[in-house]
Amino acid sequence: MALRILTIETSCDETAAAVVTDQLEVLASVVASQDQLHERFHGVVPEIAARAHVERILPVIDEALRRANIKLNDLDGIAVANTPGLAGSLLVGVTAAKALCVATGKPLLAVNHLHAHIYACQIALHRNIFPCIGFIVSGGHTHLYHCASATAFHYLGGTIDDAAGEAFDKIAAMLGLPYPGGPSVSKAATAGNARKHAFPRPFLRDRNRLAFSFSGLKTAVRYAIAGTGKVDFQSLQLTAQQIADVAASFQAAVVDCLVGKAMLAIDQTRMSRLCVGGGVAANTVFRERLAETCQQNGIELHIAPLQLCTDNAIMGGLAIEHLKAGRLETLDLDVLPGLVRGS
Ligand code: KG4
Ligand code: ZN
């Protein structure tokens, strides 16, 4: 009989649970999104996120177990993302997982949310993707790793300010587009001219630095749509074409930086396999450009399928690796909200 684990994910604003086997089969997956709660703030409000997790966590777990047709007592382990993320949000998942482990005596497993975003590629492919360069492009992180194995990640470089997804969300707010900004900016961009605005591409030509910076790009967009004076973005009267052109030019700048640095990481490490995950990896232009560039350079590319790019609990199947290696946690498992460099 295959090993079966329950995985819990509450690192940001998705309350999610899944049941995954050691053959990486997904028996059930439930994701309760909080987008509607955060929409009017154009970003995730940590306290609202934590409270919403408290309300949703038990129904989400129950539903995942029901769909997988499995009882708590038949599980082989309970896994939870405990780092990185919002402290209050992580605490809800970690507390739920611990409580279930106390009640059932099942092993407790911990998952690094960023490693899980890369492991989503392995779950989708059903075969080993390691060693590889792992590229996480999400709302909170834009990070490149050398991944020797599913559990041995070495940090190579990342953003020095905003994450790519965060930049999409902030630009959407300026343009009056709905939250989350990634999907709405990329939708608007389809009707735009990506060459209309020459937005900056920080560090792109610097072959020595594996770094990203998206906050200057945000300022450049602000100047392009509202000049340098004081501005109330809600009262800006932009035409649909102006919005589309800014969205397309912004997206082109972000994609140039992401693709350029992913290739630099490949060059610097002489690796030949690139695996990409995180919400921004759902972006069509990014996926196409990366696929084209990797094909031209003979790089094996795996991007998480769309439904595994944004936060979900399926990717927590990474915990199967810990279970097999006997890396079990004790009940004093803590949340680590900040990123632990090199891990
Ligand atoms: O991985 P994720 O669900 O959460 C974090 O771990 O941060 O990523 C969410 C981010 C948001 O910033 C959202 O705007 C962005 O992913 N995103 C996109 C797209 N879909 C989601 N960004 C660009 N294009 C998209 N299609
Ligand atoms: Zn994420």
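It should be emphasised that the depicted structure is a prediction, and the values quoted were computed from it without experimental measurement. Counting starts at 1 for both ligands and their atoms, in listed order.
- The shortest non-hydrogen separation linking Asn128 to Phe130 is ND2-O, 2.8 Å.
- Heavy-atom neighbours of Lys98 NZ from other residues, nucleotides or ligands within 6.0 Å: above the threshold of 12.
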Report, one line per pair, each donor and acceptor closer than 3.5 Å where one atom sits in a side chain of residues 22-32; sequence neighbours left out.
{"unit_1": "Asp22", "atom_1": "OD1", "unit_2": "Leu3", "atom_2": "N", "d": "3.2"}
{"unit_1": "Glu25", "atom_1": "OE1", "unit_2": "Thr21", "atom_2": "OG1", "d": "3.4"}

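- Proximity of Gln251 to ligand 1 is not established, as no heavy-atom distance is less than 4.0 Å.
- Here the heavy atom of the protein found nearest to atom 25 (C) of ligand 1 is Gly182 C, 3.6 Å.
- Looking only at side-chain heavy atoms (C-beta outward), Phe199 and Tyr223 stay at 4.5 Å or farther from each other.
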> Checking salt bridge (charged side-chain N to carboxylate O under 4.0 Å, His left out) for the pair Arg289/Asp256: CA distance, chi angles, key distance, verdict?
Replying inline: CA-CA 9 Å; Arg289 276 281 310 285; Asp256 275 355; 2.8 Å; yes
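- For a threshold of 3.5 Å applied to N or O pairs, the pair formed by Pro180 and ligand 1 contains no separation below that value.
- In terms of N/O distances under 3.5 Å, ligand 1 is approached by Gly139.
- A salt bridge links Arg207 and Asp267; the closest N-O separation between the charged side-chain nitrogens and carboxylate oxygens is under 4.0 Å.
- Within the listing of ligand 1, atoms 19 (C), 20 (N), 21 (C), 25 (C) sit less than 4.0 angstrom from a heavy atom of Pro183.
- Looking only at atom types and distance, the side chain of His53 has no donor-acceptor partner in the side chain of Thr10 under 3.5 Å away.
- In this structure, the protein non-hydrogen atom closest to atom 2 (P) of ligand 1 is Asp311 OD1, 3.5 Å.
- In terms of N/O distances under 3.5 Å, ligand 1 is approached by His113.
- None of Asn312, Thr310, Asp311, Asn112 except one satisfies the side chain to side chain donor-acceptor pair (under 3.5 Å) rule with His117; the exception is Asp311.
- Between the side chains of Gln237 and Ser235, no donor-acceptor pair of N or O atoms lies under 3.5 Å.
- With a 4.0 Å cut-off on non-hydrogen atoms, Val280 touches ligand 1 through its backbone as well as its side chain.
- In this structure, atom 24 (N) of ligand 1 lies nearest to the protein heavy atom Asn283 ND2, 3.0 Å.
- Put simply, part of His117 is less than 4.0 Å from ligand 1, judged by heavy atoms.
- In this structure, Asp161 contributes its side chain and Ser215 its backbone to a donor-acceptor pair below 3.5 Å.
- Checking only distances, Asp169 does come within under 3.5 Å of ligand 1, N or O to N or O.
- For ligand 1, the atoms sitting less than 4.0 Å from at least one non-hydrogen atom of Gly140 are 7 (O), numbered in the order shown with element in parentheses.
- Heavy-atom proximity to Thr310, at under 4.0 Å, picks out these atoms of ligand 1: 3 (O).
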>> Using salt bridge (charged side-chain N to carboxylate O under 4.0 Å, His left out), reason through Glu55 and Arg51 one step at a time and then give a plain yes or no.
In response: CA-CA 7 Å; Glu55 286 165 11; Arg51 284 165 193 241; over 6 Å; no
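- Distances shorter than 2.8 Å separate the Zn ion (ligand 2) from the protein N/O/S atoms His113 NE2, His117 NE2, Asp311 OD1.
- Criterion: ILVMFWY side-chain heavy atoms under 4.5 Å apart, direct or through other members. Under it, Ile314 and Val80 are not part of a common hydrophobic cluster.
- Within the 4.5 Å cutoff, no side-chain heavy atoms of Ile171 are placed close to those of Leu217.
- Using 4.0 Å as the threshold, Cys12 has no heavy atom nearer than that to any atom of ligand 1.
- Heavy-atom proximity to Ala282, at under 4.0 Å, picks out these atoms of ligand 1: 26 (N).
- The N/O atoms of Gly279, backbone and side chain alike, include one that comes under 3.5 Å of an N/O atom in ligand 1.
- A salt bridge does not link Asp76 to Lys106: none of the charged side-chain nitrogens sits closer than 4.0 Å to a carboxylate oxygen.
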